[in-house]
Amino acid sequence: MAENVAGDHDHQKEHEPSFVESVKEKITETFHDEDSSSSDSDNDGKKTGSVSEVKQKIYRLFGRERPVHKVLGGGKLADIFLWKDKKVSAGVLGFATVIWVLFELVEYHLLSLVCHTLILVLAVLFLWSNAASFINKSPPKFPEVALPEDIVLGVASALRVDVNNTLEILRNIASGKDLKKFLAVVAGLWVLSILGSYCNFLTLFYTSVVLLHTVPYLYDRYEDKVDAFGEKAEAEIKKQYAVFNVKVLSKIPVGSLKSKFA
């Protein structure tokens, strides 16, 4: 009996170290899991930080920082240009196309169009009013049409602000402070003069409407590809401008000209 008790006691002693070791293993596993989770969180933080840095370093055309919709104003006009409302966008483009076809292809005149439209509208309304009296119905009540004062003042204020901003930009360019802007404006006006020699104002206006309904939409859809190509083009333009600056612009005696006119 004593031998059995001693054997059981020895058997418990043999099991005690294994139990302690299992507890130690569980504790080490717990700390290992915490360390791995903390390291994973640190890695995730580094990844998110790196992703944000990459997003900040992505090249955008003309240094754009806002979405295309915000660049175009972010209102109803931007929705029309980006085809957010397809019915309105198609209606505006279709109306502009009809006007261009009437005036350019059919060679219709603006005064004739206005007069014929008014004749048609007045004739329809006049016949409608007289036909109502023959069929014993009250004539239709036509609503009073008038331009609201706030809309007219808002449009005039917006035009005034745009005109003043344009005049301020032209004044800064003419002051000779920024040579790049001066060359860019001169090149743009030269291109417009060439286009004006080949087409009239209406065709140029219709072309601008078509471009406004296609270029922003296509750029918003293929933004990454266009920005990558624009980055390469801008680098090449800067390279060519540096060569032009060294070979031509740097050899112009600007200081001597200023002293002569002074």
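- In the hydrophobic cluster analysis, where Ile, Leu, Val, Met, Phe, Trp and Tyr join through side-chain heavy atoms closer than 4.5 angstrom, Phe182 is grouped apart from Leu167.
- Counting heavy atoms of neighbouring residues, nucleotides and ligands inside a 6.0 Å radius, atom CZ of Phe103 exceeds 12 of them.
- Under a hydrophobic clustering in which Ile, Leu, Val, Met, Phe, Trp and Tyr are joined whenever their side-chain heavy atoms come within less than 4.5 Å, directly or via other members, Val98 and Tyr206 fall into the same cluster.
- The structure places CZ of Phe229 at 8.5 Å from NZ of Lys232, a figure rounded to the nearest 0.5 Å.
- In this structure the side chain of His213 reaches within 4.5 angstrom of the side chain of Ile80, judged on heavy atoms.
- Both Leu105 and Leu113 are assigned to one and the same hydrophobic cluster, defined by single-linkage of ILVMFWY side chains at heavy-atom distances under 4.5 Å.
- Side-chain contact check for Ile169 versus Lys181: every heavy-atom pair is 4.5 Å or farther apart.
- Note that the CG atom of Leu82 and the CG atom of Leu218 stand 10.5 Å from one another [nearest 0.5 Å].
- A chain of hydrophobic side-chain contacts below 4.5 Å, direct or via other Ile, Leu, Val, Met, Phe, Trp or Tyr residues, connects Val186 to Leu189.
- Residues Val248 and Phe244 have side chains in contact (heavy-atom distance under 4.5 Å, counting atoms from C-beta outward).
- Once rounded to the nearest 0.5 Å, the distance linking OH of Tyr241 with CD of Glu234 reads 13.5 Å.
- Looking only at distances, no side-chain donor or acceptor of Ser157 sits under 3.5 Å from a matching main-chain atom of Gly154.
- In this structure, the side chain of Asn200 does not engage the main chain of Gly196 through any donor-acceptor pair within 3.5 Å.
- Contact between Tyr219 and Asp227 at its shortest, heavy atoms only, is OH-OD1, 2.7 Å.
- Between the side chain of Thr207 and the main chain of Thr203, a donor-acceptor pair closer than 3.5 Å is present.
- In this structure, CG in Asp220 is found 14.0 Å from CH2 in Trp83, a value given to the nearest 0.5 Å.
- Tyr217 and Leu211 are members of different hydrophobic clusters when ILVMFWY side chains are connected at heavy-atom separations under 4.5 Å.
- Proximity of a side-chain donor or acceptor of Ser89 to a complementary backbone N or O of Lys86 within less than 3.5 Å is not detected.
- Nearest heavy-atom pair across Glu107 and Glu104 is CG-O, 3.7 Å.
- Note that CG of Leu102 and OG of Ser112 are 11.5 Å apart. Values are rounded to the nearest 0.5 Å.
- Screening Lys238, Gln240, Lys239 for a side chain to side chain donor-acceptor pair (under 3.5 Å) involving Glu236 leaves a single residue, Gln240.
- Around atom OH of Tyr108, more than 12 heavy atoms belonging to other residues, nucleotides or ligands sit under 6.0 Å away.
- The CG atom of Asn165 sits 9.5 Å away from the CZ atom of Arg160 when rounded to the nearest 0.5 Å.
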